[in-house]
Amino acid sequence: MDDIGIIIINWNGADDTIECLKSIKKKETCNYKIFLLDNGSKKESIFEIEKWLNQSEDYQSLILTKEEFELRTDFSQYDLIFVKHPQNLGFSMGNNFILKKIYLQFKQCLLLNNDTVVTDNAITNMVNYLKKNKEVGVVSCNIRYYSDHHKLWNAGGKFTWYGDRKYISQKKIDLAITEGDFVIETPFVTGCVMLIKQSVFEEIGFLTEKFFFGEEDFNYCKLLENKRIKVVTLLDSTVYHKISSSIGKATAGKEMIMRKNILHFTNRIINQKYFYSKAYWMVWKRLYIQVIMLKFFKQTKDYQLTKFVGKKIKSYSQAYNGVDYELFKEINNLKFEQ
């Protein structure tokens, strides 16, 4: 059994994906197998990856259609399996499509964004830590900006009493590193880099598929917390992240911040339906939306736009129990109406 199955999803990001794959081959020494899922990309992106794989000496690769992957049971001869799916499944469904097929074949599975680059043995250190520490179920790492290696992007955080999560600041992270404290307990970690022990899938299952884009890591970490499964961040494992956002690619100009806020907070409020009682959720939602609107107004100084954002979040979160692809597209194409 291989130590780790690495799952990477490509959506029209061939250059980023290839750079990520190159960094893993160059920097990692653990026993891994990569499953690269194309999530309904344009032909050009798929062709670019196939061309690189066919010419590369880095990987023994196998290229499969969705149907071929579903039927195949033996991947032992290859260290990279490229699966071409005809539709965009989103982050959760895409990862689950691979996970449900392979998780029993690996002691650990890593969810890794395609727009990341790993540093020396970042993954290997995480794998070894999870092997040695039986009480830990999930590990993440010190994620820095690709464009500025000194600037922290994410190193985990904690859940707040008011139904949100709060990231650990760069000041605290850098101080911990200076003092030689390289392991910190972080009930919340991002799905950008999330190493999960096989037994965790058996206990709590896979990523929620109620959200097409975003919120899956928050939901999963809440389930981990509820089951008292320990989650840590290793600060001596570093990954660089380019922060390319699917919704960012699809939006531009003034309305981008509006759409991002509506999507993010609609996701969050719907998600909490599954962790709060109905009565508590109704009261919490009303107060939470007021806080959202206050913060949004401070940011935009636009009262009418703030009212529009609050109205949309309220109506979507009341009417829906998830944000599927169709609702995601609707939010992503919203126009501000006076």
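The basis for the numbers below is simple: all heavy atoms, side chains too, and nothing from hydrogens, waters or symmetry mates.
- A distance-only check finds a donor-acceptor pair linking the side chain of T116 to the backbone of N113 [under 3.5 Å].
- The backbone N or O of A122 lies less than 3.5 Å from a partner atom in the side chain of S237, making a donor-acceptor pair.
- Looking at R144 and D174, a side-chain N of the basic residue comes within less than 4.0 Å of a carboxylate O on the acidic one, giving a salt bridge.
- Checked against the 6.0 Å centroid threshold, Y145 and Y240 do not count as a close aromatic pair.
- Linking ILVMFWY residues whenever their side-chain heavy atoms come closer than 4.5 Å, directly or via other members, leaves I173 and M126 in distinct clusters.
- A salt bridge links E326 with K329: the closest approach of a Lys/Arg side-chain nitrogen to an acidic carboxylate oxygen falls below 4.0 angstrom.
- Counting heavy atoms from C-beta on, the side chains of V309 and M293 never come closer than 4.5 Å.
- Here N142 contributes atom CG and N125 contributes atom CG; the two are 12.0 Å apart, rounded to the nearest 0.5 Å.
- Ion pairing between a basic and an acidic side chain is recognised when a charged N comes within 4.0 Å of a carboxylate O; D164 and R268 show such pairing.
- With rounding to the nearest 0.5 Å, the separation of OG in S199 from NZ in K134 is 9.5 Å.
- Taking the six-membered ring where tryptophan is involved, the planes of H149 and Y146 are perpendicular, since the angle between them exceeds 60° and thus also 30°.
- Here E70 pairs with K66 in a salt bridge; the nearest charged N to carboxylate O distance falls below 4.0 Å.
- A salt bridge is absent between K84 and D38: the closest approach of a Lys/Arg side-chain nitrogen to an acidic carboxylate oxygen does not fall below 4.0 angstrom.
- A donor-acceptor contact shorter than 3.5 Å links the side chain of N261 to the backbone of I257.
- Ring orientation note: the planes of F188 and Y167 are tilted relative to one another, at an angle of 30° to 60°.
- A salt bridge is defined here as a Lys NZ or Arg NE, NH1 or NH2 lying under 4.0 Å from an Asp or Glu carboxylate O, and K222 with E225 meets this definition.
- In summary, of the residues considered (L195, D3, V200), a side chain to side chain contact (heavy atoms under 4.5 Å, CB included) with Q108 occurs for L195 alone.
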As a quick check of understanding, evaluate side chain to side chain donor-acceptor pair (under 3.5 Å) for Q60 and D79, giving each step before the final call.
CA-CA 6 Å; Q60 288 289 109; D79 51 13; over 6 Å; no
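- Annotation: the span from F265 atom CZ to I270 atom CD1 amounts to 13.5 Å, rounded to 0.5 Å.
- A salt bridge is absent between E216 and K210; no separation between the charged side-chain nitrogens and carboxylate oxygens falls under 4.0 Å.
- A salt bridge links E209 and K100; the closest N-O separation between the charged side-chain nitrogens and carboxylate oxygens is under 4.0 Å.
- Without hydrogens or angle criteria, S45 side chain to K42 main chain gives no donor-acceptor distance under 3.5 Å.
- Both Y276 and L223 are part of a single hydrophobic cluster, where members link through side-chain heavy atoms under 4.5 Å apart.
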Step-by-step side chain to side chain donor-acceptor pair (under 3.5 Å) determination, T208 to N219:
CA-CA 7 Å; T208 178; N219 179 280; 4.5 Å; no
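- Side chain of N39 to backbone of N10: no donor-acceptor contact under 3.5 angstrom is found.
- Classification of the H241-W153 ring pair by plane angle, with boundaries at 30° and 60°, yields perpendicular.
- N133 places no side-chain N or O within 3.5 Å of a backbone atom of E135 that could act as its donor or acceptor partner.
- The aromatic rings of Y325 and F328 sit parallel, their planes meeting at an angle under 30°, below the 60° perpendicular limit.
- Annotation: Y280 is not in aromatic contact with W284 [ring centroid separation under 6.0 Å not met].
- The aromatic rings of Y32 and Y59 stand perpendicular to each other, their planes meeting at an angle above 60°, with 30° marking the opposite boundary.
- With rounding to the nearest 0.5 angstrom, the OG1 atom of T233 is 10.0 Å from the OH atom of Y129.
- Here the side chain of K197 pairs a donor or acceptor atom with the backbone of V136 at under 3.5 angstrom.
- Between M258 and L334 the shortest side-chain heavy-atom distance falls below 4.5 Å.
- Between F35 and F82, a ring centre-to-centre spacing not shorter than 6.0 Å is recorded.
- The closest donor-acceptor contact from the side chain of S169 to the backbone of K172 lies under 3.5 Å.
- Ring geometry, F159 versus F218: the interplanar angle exceeds 60°, so the pair is classed perpendicular (tilted spans 30 to 60°).
- Atom-to-atom distance recorded for L112:CG and I9:CD1 is 10.5 Å, nearest 0.5 angstrom.
- Side-chain N or O atoms of E28 include one that pairs as donor or acceptor with a backbone N or O of T124 at under 3.5 Å.
- Both Y320 and Y274 belong to a common hydrophobic cluster when Ile, Leu, Val, Met, Phe, Trp and Tyr are linked at side-chain heavy-atom distances under 4.5 angstrom.
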So L235 and I184, side chain to side chain contact (heavy atoms under 4.5 Å, CB included) or not? Walk me through it.
CA-CA 8 Å; L235 300 182; I184 55 173; 4.1 Å; yes
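- Checked by atom type and distance alone, the side chain of K33 pairs as donor or acceptor with a backbone atom of Y78 at under 3.5 Å.
- W52 and V117 are not part of a single hydrophobic cluster, where members link through side-chain heavy atoms under 4.5 Å apart.
- By the criterion of side-chain heavy atoms lying less than 4.5 angstrom apart, applied directly or through intervening Ile, Leu, Val, Met, Phe, Trp or Tyr residues, I34 is grouped together with L130 in one hydrophobic cluster.
- Annotation: side chain of N96 is in contact with side chain of L99 (closest heavy-atom distance under 4.5 Å).
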Might you work through the side chain to side chain donor-acceptor pair (under 3.5 Å) test for K285 and Q318, ending with a clear yes or no?
CA-CA 9 Å; K285 182 187 75 165; Q318 189 67 41; 2.4 Å; yes
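- In this structure, V193 and L111 have side chains that are not in contact, with every pair of non-hydrogen atoms separated by 4.5 Å or more.
- Contact of the L234 side chain with the V183 side chain is registered, since non-hydrogen atoms from C-beta on lie closer than 4.5 Å.
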Report the C-alpha separation of C221 and M194 in whole Å, then their side-chain angles, then the decisive distance to 0.1 Å, and conclude whether the side chain to side chain contact (heavy atoms under 4.5 Å, CB included) test is met.
CA-CA 10 Å; C221 289; M194 185 185 286; 4.2 Å; yes
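- Atom NZ of K101 has more than 12 neighbouring heavy atoms from other residues, nucleotides or ligands inside a 6.0 Å radius.
- When ring centroids are compared, F69 and F75 come within the 6.0 Å threshold.
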Let me see the working for T266 and S317 under side chain to side chain donor-acceptor pair (under 3.5 Å), right down to the final yes or no.
CA-CA 5 Å; T266 297; S317 60; over 6 Å; no
Between D16 and K242, is a salt bridge (charged side-chain N to carboxylate O under 4.0 Å, His left out) present by the stated rule, with each step listed?
CA-CA 9 Å; D16 288 341; K242 297 177 184 177; 2.9 Å; yes
